[in-house]
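Keep in mind the model is a prediction, meaning the values are calculated, not measured. Values below: all heavy atoms of this structure, side chains included; hydrogens, waters and symmetry mates excluded. In what follows, chains are A, B, ... by sequence order, proteins preceding strands, each numbered from 1.
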Amino acid sequence: MADLVCRGLRDGVLEGEYAPALLIKDTLQISLGVHVFNHFLLSLSSNISSGKAQSRGLVVVAFACPPCFYVDLLRSRGIGVASLSNWIVDCYSDPLGWKDKLLNSGFSAQLSSKSHDKSSVGDVECLFRDVGDAEKLSSLVFDLGRGLVGPGKGRFSVAIDSASELLRHTSLLSVSSLINNLRSHDQVASLFWLLHSDLHEPRAILSLEYLSSMVAGLEPIASPSTDAQRNHHNHLFQLEQNSRRGKLHMRLKRRNGRVKILFEEFDVEQGGIKFVPVSLGNAIRNDAILPKVQFNLQLTDKERGDRAKVILPFEHQGNGEDIKIYDGRGPIADAPKNIFPTPRLDESASATITTSSNGGKGEIHYFRDSDEEALDTDEDPDDDLDI
Amino acid sequence: MMAATGTFTRNPKSFSHSRHAPPPPGLKIGPNGTPIVSTGIQDLDQLLGGGVPVGSLIMVMEDSEAPHHLLLLRNFMSQGVLHRQPLLYASPAHSPRAFLGTLPAPIPPRTHLHTPSQQQEEDLRIAWQYKKYFGNEQMFVESHRGNHWDFCNEFDLRKSLDRQLLGAAHIDCVNLQDVEDLASLRDRCSAFLAPFARTEEGITCVGRVAIQSFCSPQCRYSNSDWDMLFFIKSLRSMLRSSNAVAMITFTPSVVSSSSVCMRWQHLADTLLSLRTIPDDDKEMAKLLTDYQDMFGLLHIHKVGRLNSQVPVILEATTYSLKVIRRKTLVLERLNQAPVDASGGGSLGGCSGSSSARLLDF
């Protein structure tokens, strides 16, 4: 179902609506968000370069990885960067403009040599030095995007490498308004960004989820065990697991107002990432939404079985077995074996009471007065009274 | 479904003779003699006891994953436009005016609606002690005859409101993103509500205020929770002293702390909340018979009553939102399909769920 998300990003936006926005969030436990981000980036890029997507260009705002990483990534998939359908805003090298200031203030010798190691495709990069100003960043993105697709009706997509880095430099308010402006801009077809959810306050995460139309959350496959004894082994095993595999929990806001909830397992391999749809089972629990208030007087098989297993506090268990007086002490030696109680305890059974005793041991033989009667009659002994 | 009104009801006729003019369109006398206006949704009006009391505040808690609050707002605003009630609309969108283009048009009312009820009075002789269960609508049918407006219109969500009607209507739009601080918004509201101040002569005109997604994260004031609370409180006090109603929607998840969220909820006179439902959910499809038609749930937490100490206790507080034939919005009680008891614990499920999201039937 990650295909659904890819399709959503590819199809873009309808006239008059806000652009679809995907939020990818991961945690420390399962920190494979980068791989998922790259997967969506590659799929969108390939759709753009093959012309299937609504957008005709992609602007990547790179915070966490250098631009050459993205160039190499795209090139390794055969998506030609030279086709100039991508722009990479480099917020990685010098986000706050320190190198510039240092250069200006005279520590020039070592730094100037390093600043020349740009990759050969420097044309698609744009260095951005003022990450604290989200407005400047957004206008730069718009300019680059417009440059990519030309003025008019063309649309472009935006990918923000890590909104966590952005939130580090500016406030939630600026980031929210940046995303909102991107979504409502006439020329933006879709956008997506990555977030590390344990780095921020819940309010920040919820605000960004509120602004997005698709949320993909990474979760570990197995929840951490709480048993302290086996903790060490399990912990290592889970670390091993979580460094390669995980579960993707996607919530897509649909136009009819409902939310589509999907689960998929993914496996990070050498060549990329593979998604496997998982059978839900009880993954979606609606207990929080709807209580179970049905009144059903029929019993399921399980309940009938449980009922049959209940030890009655009478001398007979109603199933034709030897009478054992159960007073609650100790386990029962003979558990009742029949599911359905037999209707009556007849003469032959009562005869076995006397004959099945162990020889030599003292026993109490109790003969019920009402043995000749059928069990469970509705006869009320008070009926005999004449008053 | 009948709200508990108790045995004491004010005789509304005693208020009508004090008015020199017929009541303005869109206004009628509701329970306990309070003037009420419509929300634009007939089912919701019925649940709230006929309509919204003038001078009260409706708070709608949105679900961050669904746009259902826009439906409520659209109907509310459309009804106001149809009744020629001035409207102040504030929204965090780039162009609030564009939203006005999505207001639904009314379905032309059937003109024979009024006559059967009169005949009902004659043919069906209802015992006097049961007349109170037929609500106030029948008693005031006579006063509405001759007027061309319906108290509550049915809206067709596919068609948008006539441009001319919109152009002629008095609608003020405010872009919440441009609002620097809430004091200016408050001044704007008080300037809007000034013409509707309550006077001795009775109500001539009712105003409506609609604020959408008040605490959106992209608004500049969204960090200052206490300022927002103070704004709501002052808006409510302005409403009490004027003939207007207000509907504010907000998203509880985006508000920074739960205590602020609780205070926000307490400030409302009428509190509604919206929940979305998962799509293609087989479990839910088994539990609810009309799962295919509905797209959300509306929960009524509180029904506002001015002029009365008697609280409104509804029989059921959760309703499903449906659009019938893609045209009209209706609210229906939830119908649960009979389900096999699933191995014990079935009746204990109610108490286990978190109280903030507990739905009841």
Next item on the list: Pick whichever of Ser257(B), Ala66(B), Pro217(B), Ser64(B) has the most heavy-atom pairs under 4.5 Å with chain A.
Entry: Pro217(B)
Check: Which region of Cys215(B), side chain (C-beta onward) or backbone (N, CA, C, O), has a non-hydrogen atom less than 4.5 Å from a non-hydrogen atom of chain A, or is it both or neither?
Finding: neither
Note to self: Does any part of the side chain of Arg254(A), heavy atoms only, come nearer than 4.5 Å to the side chain of Thr276(B), both counted from C-beta?
What the structure shows: no
Check: In this structure, are over 12 heavy atoms from other groups packed under 6.0 Å from Glu17(A) atom CD?
Finding: yes
Margin query: Using heavy-atom distances under 4.5 Å, tell me whether Leu211(A) contacts chain B through its side chain, its backbone, both, or neither.
Written below: side chain
Notebook entry, point to check: Looking at Ser171(A), Ser184(A), Pro202(A), which makes the most heavy-atom pairs under 4.5 Å with chain B?
Noted result: Ser184(A)
Note to self: Which atoms of Ala98(B) are under 4.5 Å from chain A, going by heavy atoms: the side chain, the backbone, both sets, or neither?
What the structure shows: neither
Notebook entry, point to check: Roughly how far, to the nearest 0.5 Å, is the CG atom of Leu172(A) from the CG atom of Asn223(B)?
Noted result: 7.0 Å
Margin query: Just so I understand: if I count every heavy-atom pair under 4.5 Å between each of Asn256(A), Leu206(A), Leu173(A) and chain B, which residue has the most?
Written below: Leu173(A)
Item checked: Proximal component of Ser222(B), with respect to chain A [non-hydrogen, under 4.5 Å] -> both
Margin query: Using every non-hydrogen atom in the two residues, find where Pro92(B) and Asn180(A) come nearest and quote the distance to one decimal.
Written below: O-ND2, 4.4 Å
Item checked: Passing candidate, salt bridge (charged side-chain N to carboxylate O under 4.0 Å, His left out) with Glu65(B), options Arg251(A), Arg258(A), Lys253(A) -> Arg251(A)
Item checked: Side-chain heavy atoms of Asn181(A) within contact of His94(B), under 4.5 Å -> yes
Item checked: Region of Asp306(A) in contact with chain B, defined by heavy-atom distances below 4.5 Å -> neither
